[in-house]
2 protein chains.
Amino acid sequence: MTPYHHGDLRAELLRHAARRIEEAGPAGLSLRELARDAGVSHAAPRQHFRDKQALLDALVISGLERLGRRLDRALRDPGEGFDERLTRFARAYIRFATQNRELLALMFARKDAPDATDELRAANEAAFAAPRAMVDHAAANGDIADTDADRVAMAILATVHGLAAIIIGGMIGDRSPDTVVAGTVNVLARGLSRAH
Amino acid sequence: MTPYHHGDLRAELLRHAARRIEEAGPAGLSLRELARDAGVSHAAPRQHFRDKQALLDALVISGLERLGRRLDRALRDPGEGFDERLTRFARAYIRFATQNRELLALMFARKDAPDATDELRAANEAAFAAPRAMVDHAAANGDIADTDADRVAMAILATVHGLAAIIIGGMIGDRSPDTVVAGTVNVLARGLSRAH
DNA sequence: ACCTGAACACCGTTCAAGT
DNA sequence: ACCTGAACACCGTTCAAGT
């Protein structure tokens, strides 16, 4: 074989993996295939990833970092009202979900797995820092009826993640994702609002 | 080998599959393993299932039937108020989800897949007949502000399915599932309610 | 330090052959 | 009609050996 030194095999394997995972999910992703993509022997990836799970976890971590950057950008203006920020969060999350459906499913499944790495847990914490700050601020500000920020955060994440699942599943028929998001976020915002 | 005629190999394979799928998910389920469980050769399942996907789809269909029966029972009393019926639906769905997490994930993923069978789609329709009737009744009755039953159903399913995902993911810490369900369903019911 | 090549124990799927 | 056994093309993982 020719290419002894490769530059950065680790990064190249992750690049191929990020593309391949959307084709057939984590189960359909093959280490041997990635090695072929990179032009190295099937045993070469072992040098950089202990096993397939380690490679998938690296993929999850970079996914959480990308998602985190998007959420930070979506919630960068703290002057906006709670409803608008809620909508921005939902849209950003769901956009990421539709563009990276297999990766997001893996991220969601792995981030709290029993055998999750500390690094992985930390990446998850970091990714959701902006929405957590949003909820804390709204609770302190009296924008929402419930003062238990954790409970509110749970209701929000459940709704937004569920919405993503439904949109990805093709269960919204002809409607545009943004319309569906707006409709459900309105229900959520009404439910959370102080006045009733 | 000994056991030529087996009784009902198809049913026995499905029984073993239903147990095995919760151990390691659909990807970790092996046809050869199921054949060993049943004491037949590795090629025998081929007689009853065209391929692995066909076996998984049969599993999904029986899962939808079981879920449908539970939802029917939970919503059997049409005299209850909308909020209470919503809570019953959520609890029943989430109970099924926590008891059959791998199966539910597969059900959710397969029911609207591009290559889904007509039989599979029909099973999905049938399983959710009771909650659909609940929403139609509430919309006609003026229990909810929104008269677009589809939009309401989408908000409900998104919230309840998202809640199931969060509970399964172990993201509720020390709280009891029923407490979390009650909290989020209250938010949802407030959001959907007519008065504001 | 980084990679190769052979080996091992698994898969799903196919197909001639057996009863 | 229902099942077996061998075969094929794949896997992930391990490990001695090469540079």
Side-chain angles (χ1 to χ4, degrees), chain A residues 1-60 102-103 106 109-110 113 115-117, chain B residues 1-60 102-103 106 109-110 113-117 120:
Chain A
M1 275 275 118
T2 30
Y4 187 79
H5 207 175
H6 204 94
D8 191 350
L9 180 56
R10 198 192 125 97
E12 188 171 355
L13 288 170
L14 282 177
R15 267 190 22 245
H16 289 296
R19 189 173 38 78
R20 290 271 189 195
I21 197 174
E22 296 302 329
E23 293 171 6
L29 189 154
S30 141
L31 283 179
R32 290 174 103 110
E33 190 180 41
L34 297 180
R36 284 193 297 270
D37 287 345
V40 294
S41 83
H42 67 264
R46 221 334 182 63
Q47 210 66 222
H48 303 281
F49 302 102
R50 205 161 74 304
D51 54 18
K52 187 176 174 178
Q53 192 60 252
L55 183 139
L56 291 176
D57 282 353
L59 217 51
V60 164
E102 295 289 352
L103 178 57
L106 186 64
R110 285 299 296 168
D115 59 331
T117 314
Chain B
M1 275 272 117
T2 29
Y4 187 81
H5 205 177
H6 203 93
D8 191 349
L9 180 56
R10 198 191 124 96
E12 187 171 354
L13 289 170
L14 283 177
R15 269 192 19 244
H16 288 297
R19 188 173 37 78
R20 290 270 189 196
I21 197 174
E22 296 302 328
E23 293 170 7
L29 188 155
S30 141
L31 283 180
R32 291 174 101 110
E33 190 179 42
L34 297 180
R36 285 193 297 270
D37 287 345
V40 294
S41 84
H42 67 264
R46 221 333 182 64
Q47 209 66 223
H48 304 281
F49 302 102
R50 207 163 69 310
D51 54 20
K52 186 176 173 178
Q53 192 59 253
L55 183 139
L56 291 175
D57 282 353
L59 218 51
V60 164
E102 295 289 352
L103 178 58
L106 186 63
R110 284 300 294 168
D115 60 330
T117 313
L120 209 155

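Naming: A, B, ... by sequence-line order, numbering from 1 per chain.
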Name all residues meeting the side-chain contact (heavy atoms from CB on, under 4.5 Å) criterion together with [X]; count only those two or more places apart in sequence or in a different chain, and write none if there are none.
X	value
B:A43	B:S41
B:E12	B:H6, B:R15, B:H16, B:A38
A:A58	A:R10, A:L14, A:F49
B:A35	B:V40, B:P45

Query - Residues which pass side chain to side chain donor-acceptor pair (under 3.5 Å) with A:Q47, listed by chain and number, not counting sequence neighbours - result: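 For A:Q47, no residue satisfies side chain to side chain donor-acceptor pair (under 3.5 Å) once neighbours in sequence are set aside.
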Requested in this report: Using the test side chain to side chain donor-acceptor pair (under 3.5 Å), find all partners of A:D37 that sit at least two apart in sequence or belong to another chain.
Outcome: A:R20
Would you kindly give the [atom1]-to-[atom2] distance between [X] and [N], to the nearest whole Å?
X	N	atom1	atom2	answer
A:R50	D:dC15	CZ	P	14 Å
B:Q47	D:dC2	CD	P	6 Å
A:R46	C:dA6	CZ	C1'	16 Å

Report task. Give the minimum heavy-atom separation between B:A17 and B:L29, together with the two atoms involved. Result ->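 In terms of heavy atoms, the two residues are closest at O-CD1, 3.7 Å.
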**Report entry** Heavy-atom closest contact (A:P26 atom, A:I21 atom, distance)
**Finding:**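 So the two residues come closest at N-CG1, 3.9 Å.
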Query raised in the report: Which residues in residues 8-20 of chain A have at least one heavy atom lying under 4.0 Å from any atom of DNA chain D?
Result: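 Heavy-atom cutoff 4.0 Å gives no residues at all.
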Report summary line: Which of C:dC3, C:dC15, D:dC3 is nearest the side chain of A:H48? It is C:dC3
Query raised in the report: Which part of the nucleic acid does A:H42 contact within heavy-atom distance under 4.0 Å: base, sugar-phosphate only, or nothing?
Result: base
**Report entry** salt bridge (Lys or Arg N to Asp or Glu O under 4.0 Å) against A:D8, all qualifying residues, sequence neighbours excluded
**Finding:**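 Scan of A:D8 (salt bridge (Lys or Arg N to Asp or Glu O under 4.0 Å), adjacent residues dropped) gives none.
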Using atom names, set out every protein N or O paired with an N or O of nucleotides 9-11 of chain D below 3.5 Å, distance rounded to 0.1 Å.
residue, atom, partner, partner atom, Å
D:dC11, OP1, A:R36, NH2, 2.9
D:dC11, O5', A:S30, OG, 3.3

Requested in this report: Sort by first number and list every stem of DNA chain C: at least 3 consecutive Watson-Crick or G-U wobble pairs, both distances under 3.5 Å.
Outcome: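 Detected stem regions: C:4-8 with D:12-16, C:12-16 with D:4-8.
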Requested in this report: Write out all pairs satisfying salt bridge (charged side-chain N to carboxylate O under 4.0 Å, His left out) with one or both partners inside residues 47-58 of chain B, taking only residues at least two apart or from two chains.
Outcome: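 Residue pairs with at least one partner in residues 47-58 of chain B: B:D57-B:R110.
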Query - Inter-residue atom distance B:L59.CG - B:L103.CG, 0.5 Å rounding - result: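 Spacing of CG (B:L59) from CG (B:L103) equals 5.5 Å.
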